[in-house]
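Atoms considered below: every heavy atom in the structure, side chains included; atoms not considered: hydrogens, waters and symmetry mates. Owing to the predicted nature of the structure, the values given are computational and were not obtained by experimental measurement. Naming: A, B, ... by sequence-line order, numbering from 1 per chain.
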Protein chains: 2
Amino acid sequence: MAHSTVPTPTRPTTSDSIAQALSVAIHEHKIAPGTKLGEDELAEIYGVSRTVVRAALQTLAHMKLVDIRRNRGASVASPSIKEAHEVFEARELLEPRTARSAAKYATSSDIALLERHISDEHAALDAADPGRALYLSGLFHTEIARIAQQATIAGFIDTLIARSSLIIALYWRRESALCEKHAHHALVQALAKKDEQQAEELMRSHLVDLHSALDLRERNGRTQSLKDALSQ
Amino acid sequence: MAHSTVPTPTRPTTSDSIAQALSVAIHEHKIAPGTKLGEDELAEIYGVSRTVVRAALQTLAHMKLVDIRRNRGASVASPSIKEAHEVFEARELLEPRTARSAAKYATSSDIALLERHISDEHAALDAADPGRALYLSGLFHTEIARIAQQATIAGFIDTLIARSSLIIALYWRRESALCEKHAHHALVQALAKKDEQQAEELMRSHLVDLHSALDLRERNGRTQSLKDALSQ
DNA sequence: CAAACAGGCATTGTATACAACTTTGTGTCC
DNA sequence: GGACACAAAGTTGTATACAATGCCTGTTTG
């Protein structure tokens, strides 16, 4: 789970570790939406048989990170505009409540962990590695869900964040560059103060900001599906 | 997807249809929590190879319907008391909002479909098939999520309802026999009237009723884990 | 007699082989 | 010259074979 992403040369790789590696690579925008994920290709990369690769791909398909079509194989999912709205609406429903819960349960070590996440994120941004920054930004939300001690909802949020990464890859508009910066920091402060109301409200506005920073207008001339066709 | 549940004699069975058949069987309480699901056993039942069965089991594991432990095989999940609380808390967070949305979008044919679901459910109860009634009751909630036109959240609700079926199998207390009866009917009326507020409130109270109809106190002497040990 | 170890048995994890389907390229016919 | 048809290549779906792990039982020893 360190820096190694796609290669992961030799290990007692179970299918889950391959799924994890692919997931991180997608999170970091090292693999673009629509990219074909051939079974033989992955099997050779990871030094395992197609059996294991198929299991990993199935796991990712369940999170909606990859699309598997019968006899057509797997490719990185490219969420539609409707799906993008749905994902962020779901996040706006789940995460504010989760942030409130996190404010109730957060310990001082949790706060410290979150602050390290933020500084890692900034470091990645300074290192001109926006993909990694995005991945860490997602981990921040995942971590809050974990702190809230609702494993079930945390699982849902995990998949929503994963899909958000794909959505951002497809629909992010550069104009809204400095989107959050200190939004996460303010949230951590609310958690540290155990201010449930503020944590909930900060999370809600943070997500609304993210949602509105996407360009989710239908492209003229179906540029979208053309792009998909090209990337396949 | 008709009445046939476990056997499903011969068909171009893909792994998904096997997962579906097992899912229905679990929903209908034909397979108890903790039951071992051997790969060879299922492969013979459905007339396919273990490869296909494994894929189906993996799908069910993603929904938390079965537990897969490495080198130990798969068995029907038996949610802990903590998980039971989490599942119903998640439902109480998601479904009222979904019911509100459903009230907005419900068409007359949707209403008719829901009413048929209710009468089917009552018919199953009259036929002394409480398992099937429970399955249909779950379908009712699934259907509302579909009507709400939020596929993402609907997917979450599907897995929550599936897990609820396991929770009810484990923790239902007979005392609270006539739990709902007309709760679903009242909900449909609110949807038909497009009364969003009432639909949301009815769903919330319905779920609170369900939640409180469970016996989620810790058993004395760990009866729970003993039962698990026996059923394995 | 109880506890612990060892061996056999059963089941799962992984790899490979084969079958089926999709796709792509070529050829022929209109 | 274009369109349809067929064939070949490559990829996925499924089955089977083998390896590895865990479980159970029978024996042995303190």
Side-chain angles (χ1 to χ4, degrees), chain A residues 7-22 31 34-62 64-78 225-226 228-232, chain B residues 7-22 31-78 225-232:
Chain A
T8 313
T10 51
R11 254 200 290 179
T13 40
T14 173
S15 70
D16 284 334
S17 66
I18 293 179
Q20 177 67 19
L22 281 172
I31 314 179
T35 305
K36 178 71 190 293
L37 299 172
E39 295 180 359
D40 269 320
E41 192 181 352
L42 292 172
E44 187 159 6
I45 290 173
Y46 291 106
V48 295
S49 76
R50 280 177 47 217
T51 310
V52 179
V53 170
R54 280 178 72 87
L57 289 175
Q58 196 180 332
T59 298
L60 295 173
H62 186 265
K64 304 288 185 70
L65 265 179
V66 315
D67 250 21
I68 297 182
R69 284 170 305 180
R70 185 175 174 86
N71 288 319
R72 302 272 193 88
S75 46
V76 179
S78 47
S225 56
L226 177 64
D228 279 356
L230 289 175
S231 56
Q232 273 180 8
Chain B
T8 312
T10 49
R11 255 199 290 178
T13 38
T14 173
S15 70
D16 283 335
S17 66
I18 292 179
Q20 176 67 18
L22 281 172
I31 313 179
T35 305
K36 178 71 189 293
L37 298 172
E39 295 181 358
D40 269 320
E41 191 181 353
L42 293 172
E44 188 158 6
I45 289 172
Y46 291 107
V48 295
S49 77
R50 280 177 48 217
T51 309
V52 178
V53 169
R54 281 177 72 86
L57 289 174
Q58 197 180 333
T59 297
L60 295 173
H62 282 142
M63 304 196 259
K64 305 287 186 70
L65 265 179
V66 315
D67 249 22
I68 296 181
R69 286 171 303 181
R70 186 176 174 86
N71 288 320
R72 303 271 194 89
S75 47
V76 179
S78 47
S225 55
L226 177 64
K227 176 178 179 179
D228 280 355
L230 290 176
S231 56
Q232 274 181 7

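Comparing A/R50 and B/G38 by the nucleotide of DNA chain C whose heavy atom lies nearest to each, the residue mapping closer to the 5' end is B/G38.
Remark: P of D/dT12 and CG of A/D67 are 14 Å apart, rounded to the nearest angstrom. At whole-Å resolution of the value, CG in A/L57 and P in D/dT11 are 14 Å apart. With rounding to whole Å, A/R69 atom CZ is found 8 Å from C/dT23 atom P. At whole-Å resolution of the value, NZ in A/K36 and P in C/dT22 are 13 Å apart. Rounded to whole Å, the distance from CD on B/E39 to P on C/dT14 is 11 Å. Rounded to an integer number of Å, the gap from A/D40 CG to C/dT16 C1' is 12 Å. Rounding to whole angstrom units, OH of residue B/Y46 and P of D/dA15 are separated by 15 Å.
In terms of phosphate contacts, A/S49 brings a side-chain nitrogen or oxygen within less than 4.0 Å of OP1 or OP2 of C/dA15. A/R54 has a side-chain polar atom (N or O) that falls below the 4.0 Å cut-off from OP1 or OP2 of D/dG13.
Taking the side chain as every heavy atom from C-beta outward, B/V48 and B/I18 approach each other to under 4.5 Å. With a 4.5 Å cut-off on side-chain heavy atoms, A/T14 and B/R70 count as touching.
The side-chain contact (heavy atoms from CB on, under 4.5 Å) test with B/V76 singles out one residue from B/L60, B/T35, B/D67, and that residue is B/T35.
Between the side chain of B/Q58 and the backbone N or O of A/A55 there is at least one donor-acceptor pair closer than 3.5 Å.
To the nearest 0.5 Å, atoms CG (A/L22) and CG (A/L57) are separated by 7.0 Å.
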Detail all sub-3.5 Å separations between protein N/O atoms and N/O atoms belonging to nucleotides 21-23 of chain D.
| residue | atom | partner | partner atom | Å |
| --- | --- | --- | --- | --- |
| D/dT21 | O3' | B/N71 | ND2 | 3.3 |
| D/dC23 | OP1 | B/R72 | NE | 3.2 |

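Considering every non-hydrogen atom in both B/S75 and B/G34, the closest pair reads CB-O, 3.8 Å.
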